[in-house]
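Chain letters run A, B, ... following the sequence lines, proteins first, then strands; residues in each count from 1.
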Amino acid sequence: MPNIESLVNQEDARIELLRGGDIDESAACVLLWISRSQRAYGNLAVNLAVELADKLGLPVVAAFCLTAYPSATLRAYAFMAEGLEDVGHGLAKRKIGWIVRSGEPAEVIPQLAKELNAALIVGDQAPDRTGRGWRTEVAGRISIPMLAVDADVVVPSSLFPKEEWAPRTIRPKIGRVLDDYLTSIPDPVPRRHAQKLKALDLTELLDNLDIDRSVEPSPRFKGGQTVARRELHHFVDHRLATYDTDRNRSDINGSSNLSPYLHFGDISSLEVAFAVRNSDAEAVAIDSYINEVIVQRELTVNFALRNPNYDTFDGIPDWGKTTLARHAGDPRPVIYTRAELEAGRTDDLLWNACQRQMVREGYLPNRLRMYWAKQLPLWTKSAEDAFAIAVALNDRYFIDGRDPSGYAGIAWSIGGRHDRPFPPERPITGLVRRMGMNALKKHFNPQDYIDQWPVETPTEPVQ
DNA sequence: ATCGGCTCGCGCAA
DNA sequence: TGCGCGAAGCCGAT
């Protein structure tokens, strides 16, 4: 009877052994629990499941557990459902079984493992506490081995066991090992094919899920690996060349638009980074984008993994807390309620336009997300309030809400996380760097942007 | 238009 | 222990 320890490379930083032990030789399949990495191709968790299944002479059956996470909206779930349909099609081509069930992962996955007589479970990894909790619970309720593959970063997170301070502390560490990890991903088909397994109707499952249906699906972003890859190649072919050079287009009109897809794992940052690295764009453009999609992004993953307060005010650095505390009593000339903010009814026309794009489209270019978050402390009674409102709106409207990038962005904007102080000390925000029109104007034309997101004029009632 | 200085704390050199 | 330097800024001097 083989044990799992002898079948996997224990030195592989990308693989976490959640439960060890012997493998039952009479088992019927390897269970692949897809959660964070919602894609059939370019997926290292799928590949590990295939590798182990081949060693054991078993087929692979993949499962997804549909459950309503905190602050789940129809917008996010419609996007996710589109992605999951794509997963089903892709896995069929890879001769992997596919099951979608609703319920709590801690119930559903162990139950499924029993039903299918699984030899072991291969899962993926999540940076947020909800996703991490699911894995721990599942591992605690099974009696077979379980592995988790860190498939949604380029450099495995386990190489950064402590909280990193800033881009400059993680950058050299990533640089040292990047060539070991920035590789292409094969799509092996298991030797033993799974029987056709009928998946439940996704729309029906969605209908029965307890989610907030008042936030409508994005009219612009459709989920799925197929669409994600189309976006990636459009970016590489048409916008990457000017990513760093054209000042008027850079990072606002020229952004890659991939964040919703990266959030749901419709595409991996590894595939994105690999495609960019091997494109024929100029080195400055490539380096600039690689810095975004690897260094900055993986810093935010490290933040979520290593700082338990990654989504609250408490997660900001000490110097930020000190300086904000010193200005806690500063008068706020204007205070808006959450409802006024949510409706985009402030006196700042650019901010309102950002809020409208967020509400309608579920997306905002990164730099505007920062401007948006940086204004909030000026208009709320405390920085803590500003933080809480920022997180609430972020999670409610963005397709990629609940993502480490969003939380780290808010912590950077409001509390100076991953940043340094910037004197002179100013009212309310103290030493936390401000962002005003002059800075934004270097990158785009605010008026053009405002015009793109007009206030909807109510239709006149016919009378 | 460009440039230095502003503050803080990490990480490395010594 | 000292020193260089940094996620996307701002202000004032030149």
| note | Between CD1 of I316(A) and C1' of dC8(B) the distance, given in whole Å, is 14 Å
| Under a 3.5 Å cut-off for both distances, is dA7(C) Watson-Crick or wobble paired, and to whom? | none
| said: Quick check on dA7(C): is either OP1 or OP2 less than 4.0 Å from any side-chain nitrogen or oxygen of R171(A)? | reply: yes
| Nearest to the side chain of W165(A), which nucleotide is it out of dT7(B), dG9(B), dA8(C)? | dG9(B)
| query | For the side chain of P167(A), counting heavy atoms from C-beta on, which of dG6(C), dA7(C), dC10(B) is nearest? | reply | dA7(C)
| Given dG6(C), dA8(C), dG9(B), the nucleotide with the shortest approach to the side chain of W319(A) | dG9(B)
| query | Starting at NZ of K442(A) and ending at C1' of dC11(C), how long is that distance when rounded to a whole Å? | reply | 11 Å
| On a whole-Å scale, what distance lies between the C1' atoms belonging to dA1(B) and dA7(C)? | 23 Å
| In whole Å, what is the span from the CD atom of E164(A) to the P atom of dG6(C)? | 16 Å
| Between Y397(A) and E361(A), do the side chains contain an N or O donor and an N or O acceptor separated by less than 3.5 Å? | no
| request: Measure from the side chain of D419(A), starting at C-beta and using heavy atoms only, and say which of dC10(B), dA7(C), dC10(C) lies closest. | output: dA7(C)
| Judged by modelled atom types alone, do D347(A) and Y336(A) share a side-chain donor-acceptor pair under 3.5 Å? | yes
| remark: Testing dA7(C), dC6(B), dC8(B) for proximity to the side chain of P423(A), the answer is dC6(B)
| field | Gap between atoms CZ and C1', on R326(A) and dC8(B) respectively (whole Å) | value | 12 Å
| request: Please state the P separation for the pair dG9(B) and dC10(C) - nearest whole angstrom. | output: 22 Å
| said: By the 4.0 Å heavy-atom rule, please label R434(A) as base, sugar-phosphate, or nothing. | reply: sugar-phosphate
| remark: In whole angstroms, the gap separating C1' of dC10(C) from CD of E425(A) amounts to 15 Å
| Spacing of N438(A) atom CG relative to dT2(B) atom P, expressed in whole Å | 15 Å
| task | Would you indicate what E292(A) reaches in the nucleic acid, counting non-hydrogen atoms under 4.0 angstrom: base, sugar-phosphate, or nothing? | result | base
| message | Output the rounded distance in Å from NZ (K162(A)) to C1' (dG9(B)). | response | 14 Å
| said: Is it the case that the side chains of H418(A) and E164(A) hold a donor-acceptor pair, with the cut-off being a distance below 3.5 Å and no angle test? | reply: no
| message | So that I can tick it off, tell me whether R338(A) and D385(A) are bridged by a salt bridge, with the cut-off set at under 4.0 angstrom between side-chain N and carboxylate O. | response | no
| task | Quickly work out the R168(A) CZ to dG4(C) C1' distance and round it to whole Å. | result | 9 Å
| task | Remember a base hit wins even if backbone is also touched, and classify A166(A) as base, sugar-phosphate or nothing at under 4.0 Å, heavy atoms. | result | nothing
| field | Aromatic ring proximity F221(A)/F398(A), centre distance under 6.0 Å | value | no
| query | In the strands shown, is dT7(B) matched to any nucleotide by a Watson-Crick or G-U wobble pair with both distances under 3.5 Å, and which? | reply | none
| query | Looking for any heavy atom pair under 4.0 Å, which part of the strands does G416(A) touch: base, sugar-phosphate only, or nothing? | reply | nothing
| Any ion pair linking D400(A) and R369(A) (charged N to carboxylate O, less than 4.0 Å)? | yes
